[in-house]
Protein chains: 2
Amino acid sequence: MDTISESTAAGPVTDHDDDPGDAYCETCQCRDVLDLVGSKWSVLVIGRLQERTHRFGELKRAVPGITQKMLTQTLRRLEHDGLVRREVLGHMRPPRVEYSLTDLGVTITEPLEAIRVWSEQYLPQVRAARRDFEAAERALG
Amino acid sequence: MDTISESTAAGPVTDHDDDPGDAYCETCQCRDVLDLVGSKWSVLVIGRLQERTHRFGELKRAVPGITQKMLTQTLRRLEHDGLVRREVLGHMRPPRVEYSLTDLGVTITEPLEAIRVWSEQYLPQVRAARRDFEAAERALG
DNA sequence: CTGAATCCACCTCGATACTG
DNA sequence: CAGTATCGAGGTGGATTCAG
């Protein structure tokens, strides 16, 4: 089961111990959150659940390109971190499982929205900077 | 030179072509930005440059645990994306290089601040959710 | 001082096949 | 329908060494 070794990646960096008292660790908390929503599919899944509750298959169709494995893994992680609630409805065949945002999960959509707004406003500048940088690279050889 | 293969990771996902007209790709832009600031050291470096201009060695000391390779790589990427400006002062020995945020780089500190605020407010709940989840896991075996 | 180059362990993600 | 198991490619980050 490789999902465990993959999901335990949220641990400390290595064995170098940092003093937990300086300004570095304040920012480090920010990094913890970025690991939450920074993984490839997290924001996409959260975005869908922000609209409404979804069943597993609905989510899979609503997030084009995601595999079952990655959807399962992403949902497990979000559930593990308290952002998503998983509900099994009855034990019928076929089974029915619904996913929705928790109260905590809803709160994170605000900073995510800030990122989305920034993207719309400034991503063109970023792309332009990339072109310039690469052009300058080629000019130098 | 492995820095190139590492830094070119910002490209498109894979070869499955998505219709660029649906809601999926709006969120996809958000992912692009998360790749920018979501890498391990980006927010830490940006945080330092937010305070003031730093020389390379100053940054290295100001971000405990970072290696020269990762600092160079992070700065190159931020410069490549137009968030950081690199200035070589003269050609003396030893060389002197200064890094600072561009105007574009300054703008991104706002959504980053939103994340930081969320972290301070809600990270305890996330950690609690993790403990509960893992406790429930052990209870089931 | 400011890097570049190399080697390597680990993690992430995708593809595929299988199960209740 | 909603997963789990396994394999493999590729990217990320760390340690160390070398160079202008």
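Each chain gets a letter, A, B and so on, in the order its sequence line appears, and its residues count up from 1.
D:dA2 atom P lies 8 Å from atom CZ of A:Arg96, rounded to whole Å. Rounded to a whole Å, the CG atom of B:Leu59 is 13 Å from the P atom of C:dC1. The distance between atom NZ of B:Lys69 and atom P of C:dT6, rounded to the nearest whole Å, is 12 Å. A straight line from CD of B:Gln73 to P of C:dT2 spans 18 Å, rounded to a whole angstrom. Rounding to whole angstrom units, NZ of residue A:Lys40 and C1' of D:dG10 are separated by 11 Å. When the P atom of C:dA4 is taken as reference, atom CE of B:Met70 falls 13 Å away, rounded to whole Å. Rounded to whole Å, atom C1' of C:dC13 lies 12 Å from atom CZ of B:Arg31. Atom OH in A:Tyr99 sits about 14 Å away from atom P in D:dC1, given to the nearest Å.
A distance-only check finds no donor-acceptor pair linking the side chain of B:Arg77 to the backbone of B:Leu36 [under 3.5 Å]. Side chain of A:Ser119 to backbone of B:Val33: no donor-acceptor contact under 3.5 angstrom is found.
Sequence order on DNA chain C of the closest nucleotides to A:Arg93 and B:Arg55 puts B:Arg55 first from the 5' end.
Qualifying side chain to side chain donor-acceptor pair (under 3.5 Å) partners for B:Glu134, counting only residues two or more places apart in sequence or in other chains: A:His80. Take A:Arg96 and apply the salt bridge (charged side-chain N to carboxylate O under 4.0 Å, His left out) test, not counting sequence neighbours, and it matches A:Glu98.
Every pair passing salt bridge (charged side-chain N to carboxylate O under 4.0 Å, His left out) that includes a residue from residues 52-65 of chain B is listed here, sequence neighbours excluded: B:Arg52-B:Glu58. Listed by first and then second residue, the ring-ring contact (aromatic ring centres under 6.0 Å, His included) pairs involving residues 100-125 of chain B are B:Trp118-B:Tyr122 (not counting sequence neighbours).
Both B:Val88 and B:Leu59 are members of a single hydrophobic cluster when ILVMFWY side chains are connected at heavy-atom separations under 4.5 Å.
Using five terminal pairs a side, the axes of the helix from C:dC1-D:dG20 to C:dG20-D:dC1 at its two ends make an angle of 40°, given in steps of 10 degrees.
Taking every heavy atom of residues 83-90 of chain B and every atom of DNA chain D, no pair lies under 4.0 Å.
Of the candidates C:dC13, C:dT12, D:dG3, D:dG3 carries the atom nearest the A:Gln68 side chain, counting heavy atoms from C-beta on. Closest to the side chain of B:Trp41, from the set D:dT4, D:dG13, D:dA2, is D:dG13. Side-chain proximity of A:Pro95 to D:dG13, C:dA4, D:dA2: nearest is D:dA2. Side-chain atoms of A:Arg77 lie closest to C:dT12 of the nucleotides D:dC1, C:dC1, C:dT12.
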